[in-house]
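Written out below as structure tokens is the structure these notes cover.
Sequence lines set the chain letters: A, B, ... in the order given, protein chains first and strands last, and positions in each chain run from 1. Note that the structure is predicted; figures quoted are calculated from it, not measured.
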Protein chains: 2
Amino acid sequence: MLKDEQIYQKLLKAIVEHKLPPGERLPEDKLAEAFGISRTGIRKVIQRLALERFVIVEANKGAHVNRPSRQEAEEVLNSRILIEPQLIPDIVNNWTAKHAKHFYAMVDEENHADEQGWLSQSIQLTAQFHYELAAISNNSILAEFVEQLCYRSSLVLAAYGSRKSVSCDSGDHAELLTLLDARKTVQAQQWMEHHLIKVKQSISLDGNDCAQIDFQRLFSEM
Amino acid sequence: MLKDEQIYQKLLKAIVEHKLPPGERLPEDKLAEAFGISRTGIRKVIQRLALERFVIVEANKGAHVNRPSRQEAEEVLNSRILIEPQLIPDIVNNWTAKHAKHFYAMVDEENHADEQGWLSQSIQLTAQFHYELAAISNNSILAEFVEQLCYRSSLVLAAYGSRKSVSCDSGDHAELLTLLDARKTVQAQQWMEHHLIKVKQSISLDGNDCAQIDFQRLFSEM
DNA sequence: GTATTTGAAATTGTATACAAAATAGGGAAA
DNA sequence: TTTCCCTATTTTGTATACAATTTCAAATAC
């Protein structure tokens, strides 16, 4: 018997990793059966995912996985560009050796996943790096918002990104850690801004909305 | 027959204006009866309000209006201080005479409500000023987030604010409009930051969490 | 008089039933 | 063959029923 929080996490993970690709319909009975609960419980989870923009619900037509438009993709990245660098001062203030150890270990994991070509794990880890960093700031409201934006970025990256944009996002996180260790606040802020701008540019190269599932293409580059 | 969006708006308004004070329980059947629908529909609305932190739901104990802690109050204001000034450049870019007219009219309304001592309307209008301004930026994700923060600010203000903090927040919005008209971006940003810091300080004077309903006190100062 | 227990009432959690709407497929006409 | 329309099926929308839990108050014990 799974609680709805767990069902929510499982569905979110499946969406972010494109195991449920953009546009995929989410029929209530099928999901209800799959998770061994009634439609009532599933609807609650779907509504939450809809409020967080991971799925779209249309009246009388059900829910499907959101296929972010290029406009939405840019807004997500622009939001992160605006917020994440601003969190750096608080992060530096709260930064401890324990944090450093944790994040260096995470970077190692990222690099390993990258080298092995484990793309969905790579996407997951890079998002985790950013939102766990945000969580060090003293503002849980913004930290939670950034977490949501990171997950939405994963969806965006899976839809519009190339293999290169993913490693672009995960490749050099270690640089930031050295700046945080040295408490170079301004430089860390600049690093973060440039980092996110690079990611944004890597998905903005061509101007078409993705019409169909793109995870195939993404994996085919491996 | 009311749609859930309308029910949501009505409940949100009642909460923000403290017609449903912090801590007030929200029993499902009473609300269901009040709005002439079944519990199913009400639960959907309550879940949304809970995800947006206007109400708290405890398992098997139902929902009650959130009574923001001082910590939460500061985080809400800090979030706005971090975001809203950063939206100014885009707002200046998109600023038109039509916008100016609309916002000057809104300021007039605010001042009128202030003079008449219509406190809840004053609170509502000052929130509206800020989130409609944010909506002029090109980022609908951030605009929506700011809207949520403004409504949460209203709740905070009603809980912790004095009459003075309300008029502090609404009193001088006209100044910002003249800066926007003159396209003085940097000054407008500084104005916004100082403005929000003032509001934050006005609610941070004493360090106690409000233990009980404070809207009474708020009105008694009128 | 205070504290604890117990049971009835009220409230939430979950599943299901039925209504309403959309979708899909087949058949008829052009 | 293609298009259109109609019906059967599927899927969602909403209410309700029943189970599980909490709450509140009265009664008992100390």
**Message:** Taking 4.0 Å as the cut-off, does a side-chain nitrogen or oxygen of K30(A) come that near to OP1 or OP2 on dT11(D)?
**Reply:** yes
**Request:** Using whole Å, report how far CD of E58(A) lies from C1' of dT23(C).
**Result:** 14 Å
**Fill in**
Contacts of N60(A) and S38(A) projected onto DNA chain C by closest heavy atom; the upstream (5') one is S38(A)
**Asked** Which is true for G62(A) with a 4.0 Å heavy-atom rule: it touches a base, it touches only sugar-phosphate, or it touches nothing?
**Response** sugar-phosphate
**Prompt:** Quick one: F35(A) CZ to dA15(C) P, roughly how many Å, whole number?
**Reply:** 14 Å
**Fill in**
Closest of dT22(D), dT11(C), dT11(D) to the R25(B) side chain is dT11(C)
**Item:** Geometric class of the F129(A)/H173(A) ring pair [parallel <30°, tilted 30-60°, perpendicular >60°]
**Value:** parallel
**Prompt:** Taking only side-chain nitrogens and oxygens of K44(A), does any of them come within less than 4.0 Å of OP1 or OP2 of dG13(C)?
**Reply:** no
**Request:** Flag the pair P68(A) / R152(A) as yes when at least one side-chain heavy-atom distance between them is below 4.5 Å, and no otherwise.
**Result:** no
**Item:** Phosphate OP1/OP2 of dT14(D) contacted by T40(B) side-chain N/O (<4.0 Å)
**Value:** no
**Request:** Kindly assign one of parallel, tilted or perpendicular to the pair H112(B) and W118(B), based on the angle between their ring planes and the thresholds 30° and 60°.
**Result:** perpendicular
**Fill in**
Side-chain contact check for I37(A): nearest option of dG13(C), dA15(C), dT14(D) is dA15(C)
**Prompt:** To the nearest Å, how far apart are R39(A) CZ and dG13(D) P?
**Reply:** 8 Å
**Item:** Gap between atoms CD and P, on E28(B) and dA15(D) respectively (whole Å)
**Value:** 14 Å
**Request:** Look at E5(A) together with K3(A) and state whether they make a salt bridge at an N to O cut-off of under 4.0 Å.
**Result:** no
**Item:** Distance, rounded to the nearest Å, where D4(B) contributes CG and dG13(D) contributes C1'
**Value:** 10 Å
**Item:** Separation of dT12(D) C1' from K61(A) NZ (nearest whole Å)
**Value:** 13 Å
**Asked** Rounded to the nearest Å, what distance is computed from the CD atom of residue E24(B) to the P atom of nucleotide dT11(C)?
**Response** 13 Å
**Asked** Is it true that a side-chain atom of Y131(A) and a backbone atom of Y151(A) form a donor plus acceptor pair closer than 3.5 Å?
**Response** no
**Request:** Nearest whole angstrom, please: distance from the P of dT16(C) to the CD1 of I42(A).
**Result:** 14 Å
